[in-house]
Amino acid sequence: MTTPSGRDSLKGRRALVTGGSKGTGKAIVARLRDMGADVWLCARNKPDHEGADRFIAADTSTAEGTDLVAQSVHDIGGVDILVHAAGGAQSTQENFAAFTDQDWINDLNINLFSAVRLDRYLVPGMIAKGAGAVVHISSIQRMKPLGSNAPYAAAKAALTAYSKSLSNEVAPHGVRVNSIAPGMIQTETLESWLDQSAAEQGVDRQTITAQLIAMLGGIPLGRGAQPAEVADLVGFLVSDRASSIVGTEHIIDGGTISVI
């Protein structure tokens with residue numbers, strides 16, 4: 001591995017990645033460490049990958065969890081980079097009327113309020129330093145929602161709008177806020193689900209994958225993104241190479257969204 005230098009290097013910067021124990025979050029942790037950052041991560045369960053010593057056990061979908069993370073980060077001197085990768089659809093239903101108030105609250109808590117709360121605690125420290133980078137992981141479902149995931153799609157739409165609002169306020173203080181909207185990501189969780197669904201339906205994995213892609217409206221590239229590909233985009237956005245990129249959302253979906 002080539003040691004990053006110059007505008008590619010994050011040496012001397014401290015980062016926090018929420019949801020960093022698995023999937024896309026795990027890949028983001030690895031990428032930022034490769035770029036030289038001192039990376040901390042938080043999640044509900046301790047990871048088994050390298051760097052678990054820089055781990056904060058907390059559920060950021062709760063106010064208590066974000067309080068714990070914020071205090072832990074303050075104790076180590078704050079962060080220069082904050083990546084909100086925690087999220088997901090907490091429940092799915094066949095029609096909108098089946099979602100309860102608690103279903104909506106759960107998805108808003110993990111996909112929106114977790115970011116709002118941590119930003120409120122940690123971004124002021126970046127403002128005080130006059131520099132920082134924040135990335136919110138949204139979803140293309142904010143533009144192309146699936147009915148079975150209505151609360152999730154709405155929460156991600158709110159996250160993107162909030163991200164833009166925050167970027168306008170803090171950019172004059174040297175803090176850059178951007179968001180990323182992935183489509184299908186081939187995480188370990190998705191791979192396991194594909195295998196399980198194929199076994200349950202008595203078909204091969206390719207058939208299940210094709211069904212999923214069709215449900216999403218098609219992926220011109222023919223596959224989902226790898227977690228490392230999303231992580232590479234995060235690494236770029238928090239680096240000095242993206243020093244003029246502010247308040248934008250970057251779609252990484254293999255072409256699923258068919259309009260500009």
* To do: Walk me through it: do Asp38 and Lys11 pass the test salt bridge (charged side-chain N to carboxylate O under 4.0 Å, His left out)?
  => CA-CA 8 Å; Asp38 175 16; Lys11 187 175 181 179; over 6 Å; no

Side-chain H-bond candidate by donor/acceptor type, [X] with [Y], under 3.5 Å:
{"X": "Thr248", "Y": "Asn178", "result": "yes"}
{"X": "Gln102", "Y": "Asn106", "result": "yes"}
{"X": "Asp75", "Y": "Ser72", "result": "no"}

* Evaluate the side-chain proximity of Val39 to Arg54: yes if any heavy-atom separation is below 4.5 Å, no if none is. => no

* **Note, Phe55 side chain near Trp40 side chain (heavy atom, < 4.5 Å)** => no

Looking at [X] and [Y], what are the two nearest heavy atoms and their distance?
{"X": "Arg117", "Y": "Thr62", "value": "NH1-C, 3.8 Å"}
{"X": "Gly222", "Y": "Ile213", "value": "O-CD1, 3.9 Å"}
{"X": "Ile110", "Y": "Ser114", "value": "O-OG, 2.7 Å"}
{"X": "Ala155", "Y": "Asn111", "value": "CB-CB, 3.8 Å"}
{"X": "Lys144", "Y": "Gly217", "value": "NZ-CA, 3.6 Å"}
{"X": "Arg176", "Y": "Val246", "value": "CG-CG2, 3.8 Å"}

Side chains of residues 12-19: which donor-acceptor pairs under 3.5 Å do they make with residues two or more places apart or in other chains?
| residue | atom | partner | partner atom | Å |
| --- | --- | --- | --- | --- |
| Arg13 | NH1 | Asp240 | OD1 | 3.3 |
| Arg13 | NH2 | Asp240 | OD1 | 3.1 |
| Arg13 | NH2 | Asp240 | OD2 | 2.9 |
| Arg14 | NH1 | Ile76 | O | 3.1 |
| Arg14 | NH1 | Gly78 | O | 2.7 |
| Arg14 | NH2 | Ile76 | O | 3.1 |
| Thr18 | OG1 | Ala85 | N | 3.1 |
| Thr18 | OG1 | Ala86 | N | 3.1 |

* Asked: Taking only residues two or more places apart in sequence or in another chain, which ones pass ring-ring contact (aromatic ring centres under 6.0 Å, His included) with His136?
  -> His84, Tyr162

* Asked: Do Ile251 and Ile185 sit in the same hydrophobic cluster, where Ile, Leu, Val, Met, Phe, Trp and Tyr count as joined when their side-chain heavy atoms come under 4.5 Å apart?
  -> no

* Glu249 and Arg142: salt bridge (charged side-chain N to carboxylate O under 4.0 Å, His left out), yes or no, with the steps? -> CA-CA 11 Å; Glu249 182 158 270; Arg142 79 164 186 86; 2.4 Å; yes

* Is any side-chain N of the basic residue among Arg223 and Glu229 closer than 4.0 Å to the acidic one's carboxylate O? -> yes

* Asked: Where do Tyr152 and Ser139 land on the side chain to side chain contact (heavy atoms under 4.5 Å, CB included) test, with the steps shown first?
  -> CA-CA 9 Å; Tyr152 171 77; Ser139 169; 3.5 Å; yes

